[in-house]
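Order of the sequence lines fixes the chain letters, A, B, ..., with proteins taken first and strands second; residue numbering starts at 1 for each chain.
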Amino acid sequence: MACFLVSAAEAVVVKGIEKHEEKVELEKIENEEASAEPEKIPLSRKLKWLSYMLWGGVVLLAFEHVWHGEVVPWFPFLTAMNDPADASEMFHEMATVGVTMAVLITVTWLAMCKVSDMIMTRKADDQVSSEA
Amino acid sequence: MTLLITVFAAIIATVKWYTRKDDTMCLGMLVFMFWGASIMWLGDAIFGYAEDKAAYFTPAPMDMLNDAFLGLSVVALALIIWLVRVLVTDPKGVVRKSMVKSTLKDKSKKEAHS
């Protein structure tokens, strides 16, 4: 009904954190406080992955809801809002399906971050062993 | 069906991204979009399965057809978003080059007339 709105809210928050983190990292580079580990993937880039996944999912799921007539281009935009019973069902769906979707994406992203860090450390180790 | 089509699109986009020759086509964005949507539909499918049990895997033919249409439309929408981004950011400078070329052509035509 409107399960994608939970992920949309998360996407907005993530985008804000990503922009802030980008600013902080840029300031660090300008102040030449770059970390001793040049091979480390910056947090802002990792947040960009999460942001892309969330926004992509939200846009495509919003399209699905338009397809099924659950989202309309006029106020109140969600057809479930016209009836209190439907609205309560919609909020229940947001709390269950919507939260599950957001959690699944976030868990996948955390796993991606972990794997990418492992790959970067492996590459750095390979470089050190080849130089030795 | 929508989930299946999106997962296949995500796999194809990922393989394309992995075997890409250069980094200019913004394929990463497409990959993340498809995987994001796939994961979200997976969440939906989990609740669908919990509700319908085995019947979830035997949908009515009309529902399947509608879902297949939806899946293909979703893929088309994602590809359009990606294409617009590629054309607007113009990473290979193709759009700019063609615009400069046509502008120069127009200029030389005007000069020839005058």
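Top candidate by heavy-atom pairs under 4.5 Å with chain B, chosen from Leu54(A), Leu50(A), Val59(A), Val97(A), is Val97(A). For the set Gly28(B), Ala78(B), Ala37(B), the entry with the most heavy-atom pairs within less than 4.5 Å of chain A is Ala37(B). When the candidates Leu42(B), Ile81(B), Leu70(B), Leu77(B) are compared by the number of heavy-atom contacts under 4.5 Å with chain A, Leu70(B) comes out ahead.
Through chains of ILVMFWY side-chain contacts below 4.5 Å, Phe75(A) is grouped with Phe77(A). Through ILVMFWY side-chain contacts below 4.5 Å, Ile12(B) is grouped with nothing and stands alone.
The side-chain hydrogen bond (donor to acceptor under 3.5 Å, both in side chains) search around Asp22(B) returns Thr24(B), not counting sequence neighbours.
Note on Val66(A) and Val72(A): separate hydrophobic clusters, where clusters join Ile, Leu, Val, Met, Phe, Trp and Tyr whose side-chain heavy atoms are under 4.5 Å apart, directly or indirectly. Hydrophobic clustering of Ile, Leu, Val, Met, Phe, Trp and Tyr side chains at less than 4.5 Å, counting indirect connections, keeps Val24(A) apart from Ile29(A). The hydrophobic clustering, which links ILVMFWY residues whose side-chain heavy atoms are closer than 4.5 Å, places Phe8(B) and Ile5(B) apart.
Between the CG atom of Leu78(A) and the CE atom of Met94(A) there is a distance of 8.0 Å, given to the nearest 0.5 Å.
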Check: every donor-acceptor pair under 3.5 Å linking chain B and chain A:
unit_1	atom_1	unit_2	atom_2	d
Trp41(B)	NE1	Glu64(A)	OE1	2.8
Asn66(B)	OD1	Trp67(A)	NE1	3.2
Arg85(B)	NH1	Tyr52(A)	OH	2.6

